Amino acid sequence: MFLRIVADSFGRRPRHKLLTGAALALGMGVVTAALSVSLDVGDRLAKEFRSLGANLIVTPQADSLPLEIGGVDYRPVNAGAYLLEADLPKLKTIFWHNNIMGFSPILEVPIEAWSPASQTWITPVVAGHTSLIGTWAQHRVEIPDGATYLTGVVKTNPWWGVQGQWFGEDSLQCVVGVNLSRRIGAKIGDDLNVSSGDHAKWVTLKVVGLLSSGGSEDESVLAPLSIAQQLAGKPEQYRKLYVSALTKPEDDFARRDPKTMSAGEFEKWSCSPYVSSIAYSIKQVLPGADVRVIRRVAEGEGQILTRLRMLLWLVTGAALLAAVLAVGASSAASVIERRTEIGLMKALGAGSGTVGFLLAAEQLLLAFVGGGVGYSLGIVLARLLGQKIFGAAPEPSLIVFLVVIALAAGVTVLGSALPLRRASQYEPAPILRGE
C-alpha cells in the first residue's frame with residue numbers, strides 16, 4: 001500500500017513533480033560539471049603550467065650562503081663547485097618520479113666565437129665574446145630500472161623557439177642565439193669556431209638552428225653538454241640543473257619546516273606532491289646538491305589553481321542553494337495542495353510520523369531521478385567545458401555520481417524539511433470541516 005500511494009502521487013500530480021525534478025536536474029547538472037572539472041583541473045592546469053618552465057633549480061650546496069628576499073633567491077652561482085652527471089638518473093627513482101616531467105643540466109663556459117664564413121683561417125679575429133651553454137636538448141637517460149627517459153630543454157624550456165633544429169646529442173653541432181648570430185654573421189649551415197680562451201684550441205661546430213628565447217640565451221651558443229665539459233675541462237660534471245615537476249598548490253602546512261614536524265606530519269607532508277616535498281626528495285638522491293624552488297613560477301601556479309578551484313566551489317554552492325530554494329517552494333506548494341489528502345490519512349489513523357515518512361519518500365525518489373538526470377546533463381556540460389578550456393574532456397567518475405546522488409538527496413531533504421514538518425502538524429478535524 002505504501003508503494004502504491006507513492007506511485008499514485010506521481011501519477012496524479014505531474015506538474016509539481018516535473019518542476020521539482022527539473023530544478024534538481026539543473027542544479028545537479030551544474031554541480032556535476034563543476035565537480036568533474038574541479039577534479040580534473042589540477043592535473044590539466046599543472047601540465048599546462050609546465051610551459052612556464054622549470055619550477056625547481058638544483059645547484060652545488062657549496063656555492064654560497066642563502067640570500068632570499070620576498071621569495072626570490074638572489075644567490076650567485078660561483079665557479080667553485082660542480083655536480084656529477086652520473087647521478088641524474090636517480091631523479092626518476094624518487095617517490096615522486098612520475099611527477100618529474102623533465103630536467104636539463106646546464107654548464108656555462110665563457111668563450112670566444114667567430115665564424116669562418118666572415119674571417120680568414122690564417123689570422124682568426126675573434127668576432128664575439130659570449131658564453132657557450134652546454135645542456136641536453138633531447139637526451140635519453142638510462143634509468144636504474146632498465147627503462148629510458150627522454151628529457152632536456154625541450155621539456156624544461158618549451159617556450160624557446162628554434163628556427164631550424166636542435167643540435168644532436170654527442171655531436172659537433174650547436175644552436176646560436178639570434179642576437180649573437182646577427183653580431184657575428186653566423187647562419188644555419190655555417191661552421192662556428194669556439195674557444196674557451198686558448199686560441200690554439202678551437203672547436204668547430206655546425207650551426208643547425210637559431211634560438212629565440214627572449215632572454216640572455218639569445219646572446220649565447222647552445223651545444224651538447226659534452227662540448228661544454230670539454231671546453232671547461234670538467235668531464236661528466238655540470239653547474240645547474242633545472243627540473244620541471246607537477247605539483248599541487250602549497251598551503252600553510254606545506255610551507256612548514258620539515259625539521260619541526262612530528263613523524264605523522266612529516267609522513268603526510270612527504271606523501272603530498274608539494275613543490276617543497278619534491279625538492280626534499282630530490283635533495284636526498286643528489287649528493288652535495290642544494291634544491292631551491294623557483295618561487296615566482298610555483299607561487300603563480302598555486303594562486304591560479306586556488307582561485308579557479310574557489311570559483312568552481314562558489315558555482316557549486318550557488319547551484320545547491322538554488323536547488324534547495326526551488327525544491328522548498330515546490331514542496332510547500334505540494335503540501336498545501338494535498339492538505340485535504342493529508343487530513344484524510346490522519347483521520348483514518350495515520351500518525352504524523354507515517355505522513356512525514358510518506359512525503360519524504362516521495363521527495364527522495366524524486367531526488368534520485370532528478371540527480372541521475374542532472375548527472376547525465378552535467379557530464380555533457382563538463383565535456384563541453386573541458387574541451388573548450390583544456391582541449392580534453394574529463395572522464396565520467398563513479399565517485400562524482402555517488403556524490404551527486406547524495407547531494408540531490410540532501411538538497412531535497414533540506415528543502416522539504418519545513419513543508420514536511422508543517423504537514424505532520426496538520427489536524428484532521430479542521431481540514432475535513434473545510435476550515
Side-chain angles (χ1 to χ4, degrees), residues 43 46-47 49-61 77 81-109 132-160 162 165-175 205 208-209 211 213 217 221-232 234-247 273 275 277-294 297:
D43 292 339
K47 291 179 181 178
F49 284 146
R50 291 304 92 239
S51 63
L52 298 177
N55 49 2
L56 291 167
I57 182 172
V58 181
T59 56
Q61 198 170 30
V77 180
Y82 294 86
L83 296 170
L84 295 178
E85 183 182 353
D87 291 330
L88 291 177
K90 296 178 182 178
L91 289 174
K92 296 298 288 183
T93 65
I94 65 173
F95 180 77
W96 295 109
H97 62 276
N98 289 327
N99 289 57
I100 302 295
M101 303 302 294
F103 51 90
S104 55
I106 299 291
L107 179 60
E108 190 168 349
V109 184
L132 182 140
I133 300 175
T135 186
W136 293 343
Q138 298 185 73
H139 185 82
R140 292 192 178 277
V141 179
E142 298 290 335
I143 303 174
D145 63 4
T148 59
Y149 178 70
L150 186 65
T151 186
V153 291
V154 172
K155 288 191 174 183
T156 59
N157 302 72
W159 72 91
W160 283 3
V162 173
Q165 65 183 38
W166 279 103
F167 52 78
E169 296 294 322
D170 300 323
S171 67
L172 293 176
Q173 297 177 345
C174 70
V175 171
L205 304 174
V208 295
L211 173 69
S213 68
E217 296 82 8
V221 178
L222 275 75
L225 180 62
S226 57
I227 300 296
Q229 292 168 342
Q230 176 185 340
L231 291 173
K234 300 293 182 181
E236 303 296 323
Q237 298 179 67
Y238 66 94
R239 289 287 296 119
K240 290 186 294 185
L241 177 71
Y242 288 102
V243 181
S244 179
L246 287 176
T247 62
V275 66
S277 62
I278 294 177
Y280 181 86
S281 298
I282 292 175
K283 190 174 182 179
Q284 303 306 304
V285 298
L286 296 182
D290 181 29
V291 186
R292 284 129 55 190
V293 179
I294 303 177
V297 176

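Note that the structure is predicted; figures quoted are calculated from it, not measured.
Shown here are the side-chain contact (heavy atoms from CB on, under 4.5 Å) partners of Ala137, two or more places apart in sequence or in another chain: Trp166, Phe167, Glu169. Residues forming a side-chain contact (heavy atoms from CB on, under 4.5 Å) with Asp170 (at least two apart in sequence, or on another chain): Ser226. Among residues two or more places apart in sequence or in another chain, the ring-ring contact (aromatic ring centres under 6.0 Å, His included) test is passed with Tyr280 by Phe266, Trp269. Every side-chain hydrogen bond (donor to acceptor under 3.5 Å, both in side chains) that Glu85 has, sequence neighbours left out, goes to Gln229. With sequence neighbours excluded, no residue forms a side-chain hydrogen bond (donor to acceptor under 3.5 Å, both in side chains) with Ser281. Checked against side-chain contact (heavy atoms from CB on, under 4.5 Å), Glu108 has the following partners two or more places apart in sequence or in another chain: Ser131, Ile133. Every residue two or more places apart in sequence or in another chain that forms a side-chain hydrogen bond (donor to acceptor under 3.5 Å, both in side chains) with Lys90 is listed here: Asp87. Taking Tyr149 as the reference, nothing meets the side-chain hydrogen bond (donor to acceptor under 3.5 Å, both in side chains) condition, with sequence neighbours excluded.
Side-chain contact between Val175 and Trp160 is absent, with no heavy-atom pair separated by less than 4.5 Å. At least one side-chain heavy atom of Leu211 sits under 4.5 Å from a side-chain heavy atom of Val162. Residues Ser277 and Phe95 fail the side-chain proximity criterion, which asks for heavy atoms closer than 4.5 Å. Taking the side chain as every heavy atom from C-beta outward, Tyr238 and Leu88 approach each other to under 4.5 Å.
A distance of 8.0 Å separates CD1 in Ile94 from CG in Asn99, rounded to the nearest 0.5 Å. Atom OG1 of Thr93 is separated from atom CH2 of Trp96 by 15.0 Å, given to the nearest 0.5 angstrom. To the nearest 0.5 angstrom, Ile282 atom CD1 is 13.0 Å from Arg292 atom CZ. With rounding to the nearest 0.5 angstrom, the CG atom of Leu222 is 12.5 Å from the CD1 atom of Ile227.
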Step by step, work out the side chain to side chain contact (heavy atoms under 4.5 Å, CB included) result for Leu286 and Leu83.
CA-CA 8 Å; Leu286 296 182; Leu83 296 170; 5.8 Å; no
Go through Leu91 and Leu241 one step at a time and tell me if the side chain to side chain contact (heavy atoms under 4.5 Å, CB included) criterion holds.
CA-CA 11 Å; Leu91 289 174; Leu241 177 71; 3.7 Å; yes
Between Val243 and Ile57, is the side chain to side chain contact (heavy atoms under 4.5 Å, CB included) condition met? List the steps.
CA-CA 6 Å; Val243 181; Ile57 182 172; over 6 Å; no
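The two atoms that bring Ser104 and Asn157 nearest to each other are OG-OD1, 4.3 Å, heavy atoms only. The nearest pair of heavy atoms linking Leu107 to Gln237 is CD2-O, 3.9 Å. Smallest separation of non-hydrogen atoms from Met101 and Lys155: O-CD, 3.2 Å. Here the shortest heavy-atom pairing between Gly168 and Pro224 reads O-CG, 3.5 Å. When every heavy atom of Ala223 is checked against every heavy atom of Leu205, the shortest pair comes out as CB-CD1, 4.2 Å. Here the shortest heavy-atom pairing between Ile100 and Lys92 reads O-NZ, 3.3 Å.
Checked by atom type and distance alone, the side chain of Thr151 pairs as donor or acceptor with a backbone atom of Phe103 at under 3.5 Å. Not one N or O on the side chain of Lys240 forms a donor-acceptor pair closer than 3.5 Å with the backbone of Thr59. Within the 3.5 Å criterion, the main-chain N or O of Pro273 finds no donor-acceptor partner in the side chain of Thr247.
A salt bridge (charged side-chain N to carboxylate O under 4.0 Å, His left out) check over residues 133-145, counting only residues at least two apart or in different chains, returns nothing.
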